[in-house]
2 protein chains.
Amino acid sequence: MGVHSDLREKLITDYAKLSPQMQKAARYILDHPSDVALRSMRAVARAAGVPPSTITRLMTAIGVDTWQEFRGHYQNRLLDQPASYAQRARETQRTENDANRDEHLLESIARTEIDNISAAFSPEVVAQMISACKAVENARHVFIVGRGAAYPAAYQFAYAYRLFCDNGVLVDGHSGAFGDELRGIGRRDVLIALGARPYIRDTVRAVDFARSQNCPVIAISDSDVSPIALDAMAKLVVRDTSQSFFQSFTAALSVMQALVALLVARGGEKTLQRIAAAEEQLARFDTYLEEKSPTRNS
Amino acid sequence: MGVHSDLREKLITDYAKLSPQMQKAARYILDHPSDVALRSMRAVARAAGVPPSTITRLMTAIGVDTWQEFRGHYQNRLLDQPASYAQRARETQRTENDANRDEHLLESIARTEIDNISAAFSPEVVAQMISACKAVENARHVFIVGRGAAYPAAYQFAYAYRLFCDNGVLVDGHSGAFGDELRGIGRRDVLIALGARPYIRDTVRAVDFARSQNCPVIAISDSDVSPIALDAMAKLVVRDTSQSFFQSFTAALSVMQALVALLVARGGEKTLQRIAAAEEQLARFDTYLEEKSPTRNS
DNA sequence: AAACAAGTGAAACATTTGTTTCAGTCTTTT
DNA sequence: AAAAGACTGAAACAAATGTTTCACTTGTTT
């Protein structure tokens, strides 16, 4: 009986050969390893959405006789890797040779990203988000513009928004010339514009045009006085600090997601039903891969 | 709301006032904190050389009602989690009045996002990122596929990558049928695939096709055993936990940005020159609003 | 259709768990 | 020395745990 030094590996390689329910359990365990170390078997089973017997069967399937043995592995793993942030930083700094220069860079990227997101949810921005939200709720049409590096965040919002509202327009120039989609924009609409320095001309033009038509603007930008945010009715200022040459649009994306979450939360039951209907439609179009158990993950 | 921020401190200060047997127990717990997190109360009592009742009495003496609560503190400490999830959920639920429900939602969103990003830069993922990076550097072509909610992150990478390398292909279906762009994919290429549950059929098909052509796959996904990550040469597992109905792709975006940063950093001077040239070209195309220097500022 | 095997979850089972009870011990005070 | 009071640990208890059993479903083969 060889002792499995790494049974996470075994779980992954054998995954395909497991029965559907065991896969469900295996997946939860792979995704939540510390749960195994800390919680009881029944609790893990409950969290994974399977009966306790499935966990037992899974263990015998991968050659582990008892839950105690199984749990022991995960406990050791947890003890071997304290991996506290401070400690990790200290370690990477201690040995500053070329070997782990990459680790060091990534570590500082992580910190910067976290800082940016923290700043993006400061009280001032939060207040702006809420008022932006109200503007969107009352708008006839919601135009979203964001080019270049800002496009992902714009797309993200448009994509999610479309699932529960049909008055959103993503101005991306895919359908004809850029800006064509803005035709008819007016006082009762809202334009959500995203962009940071260097400001892309198209985006600024769209904002100027909207303003000339008396359409209120919600700006997600890097400054209160950026050409996009100037005269905007709501200014969501996010930092785009980055360790690399490029700006980081993580915070912008996060803010857009938060905006969606806020709209859904305020929309109540009706909105949830619309989302359910949209998902239903996507499922009917065979968009998603069929999965045995249509449960939602935690 | 006096939550015991640190009950190890309490254990030390009250140590003198405890009865001899309780001191024995307290001392063992102070010396073996992880035992509390991982083993049962009776096991701890046995190891400390005291009857179980002593542990109970010790807990009541320092103001903890139940072993579960006691153990919970030590488990959080082991996980290096500043605040427990359960506690956080309780806090956000506590003030469920309509007044500042929005603020609370946003605050908890922010926390979740930060957690997700922290997890995305864990040592395991960092290691995978570096090996993924090397694969990209040696690849003939770099294909990027990500649909639906994963598209923003895919686009972000493709957009940034294009500025310093011309062998990237964003598989987005804009040019004809989806998957057409994969023609000719082979052993010497790399496919970067993004996707989380529910898995979009197109993405999985692209991954399967790439695998059938012996093309190595870099997977950015929500599990080690997701249909995208299975058999991938590099698995970047990111959490997509979200307060709202939708998944959060913030961590995925952040990882993609970090990948770009890593590529640039490793590319050295030559890469920087290419980026400068690309920006120059964009400026000549009048893409940006006139501003003196297109270089980033602090 | 029938037979079969594999997969599954509710229930049952013996342990083990955290906690309480209580009789005995020890120290301190009178 | 006796009484009072706090300490202590064995035993008792209900609740929860890990595991096994067994009908039942499901999908496949004959």
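As a basis for the values below, the full set of heavy atoms in this structure was taken, side chains included, without hydrogen atoms, waters or symmetry mates. Below, read A as the first sequence line, B as the second, and so on, with proteins coming before strands; counting in each chain starts at 1.
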*Asks:* How many Å lie between CE on A:Met41 and P on C:dT15, as a whole number?
*Replies:* 17 Å
*Asks:* Can you measure B:Arg39 atom CZ to C:dG18 atom P for me and round it to whole angstrom units?
*Replies:* 11 Å
*Asks:* May I ask you to test the A:Arg8-A:Leu30 pair for a side-chain heavy-atom distance under 4.5 Å?
*Replies:* yes
*Asks:* Measure the distance from NZ on A:Lys24 to P on C:dT8 and round it to the nearest whole Å.
*Replies:* 10 Å
*Asks:* Of the non-hydrogen atoms in B:Ala232 and B:Ala219, which two are nearest, and what is the gap between them?
*Replies:* CB-CB, 3.9 Å
*Asks:* Heavy-atom nearest nucleotide on DNA chain D for A:Met59 versus B:Gly49: which residue maps closer to 5'?
*Replies:* B:Gly49
*Asks:* Taking all non-hydrogen atoms of both residues into account, name the closest pair between A:Glu103 and B:Val126 and its distance.
*Replies:* CG-CG1, 3.8 Å
*Asks:* Is any side-chain N or O of B:Ser53 closer than 4.0 Å to OP1 or OP2 of C:dT20?
*Replies:* no
*Asks:* Can you tell me if A:Gln21 touches the phosphate of C:dG9, counting only side-chain N or O atoms and a distance under 4.0 Å to OP1 or OP2?
*Replies:* yes
*Asks:* Return the value, rounded to whole Å, for the distance between atom CG of A:Leu58 and atom P of C:dG9.
*Replies:* 13 Å
*Asks:* On DNA chain C, does the nearest nucleotide to A:Arg57 precede the nearest nucleotide to A:Arg42 from the 5' side, or the other way round? Give the residue.
*Replies:* A:Arg57
*Asks:* Given atom CZ of B:Arg71 and atom P of C:dT19, what is their separation to the nearest angstrom?
*Replies:* 11 Å
*Asks:* Whole Å only: how far is the CH2 atom of A:Trp67 from the P atom of D:dA16?
*Replies:* 18 Å
*Asks:* Can you tell me which nucleotide in C:dC22, D:dT21, D:dG18 comes closest to the side chain of A:Ser40?
*Replies:* D:dG18
*Asks:* Of the listed nucleotides (C:dT8, D:dC7, C:dT19), which one gets closest to any side-chain atom of B:Ser19?
*Replies:* D:dC7
*Asks:* Check the surroundings of atom CD in B:Gln213: do more than 12 heavy atoms from other residues, nucleotides or ligands lie under 6.0 Å from it?
*Replies:* yes
*Asks:* What is the distance, rounded to the nearest whole Å, between atom CD1 of A:Ile55 and atom C1' of C:dT8?
*Replies:* 14 Å
*Asks:* If you only use heavy atoms from C-beta on, which nucleotide in C:dT20, D:dT19, C:dG7 is closest to the side chain of A:Pro20?
*Replies:* C:dG7
*Asks:* Hey, does B:Ile29 have a side-chain heavy atom less than 4.5 Å from the side chain of B:Leu58?
*Replies:* yes
*Asks:* Please report the distance, rounded to the nearest Å, between CE in A:Met22 and P in C:dG9.
*Replies:* 11 Å
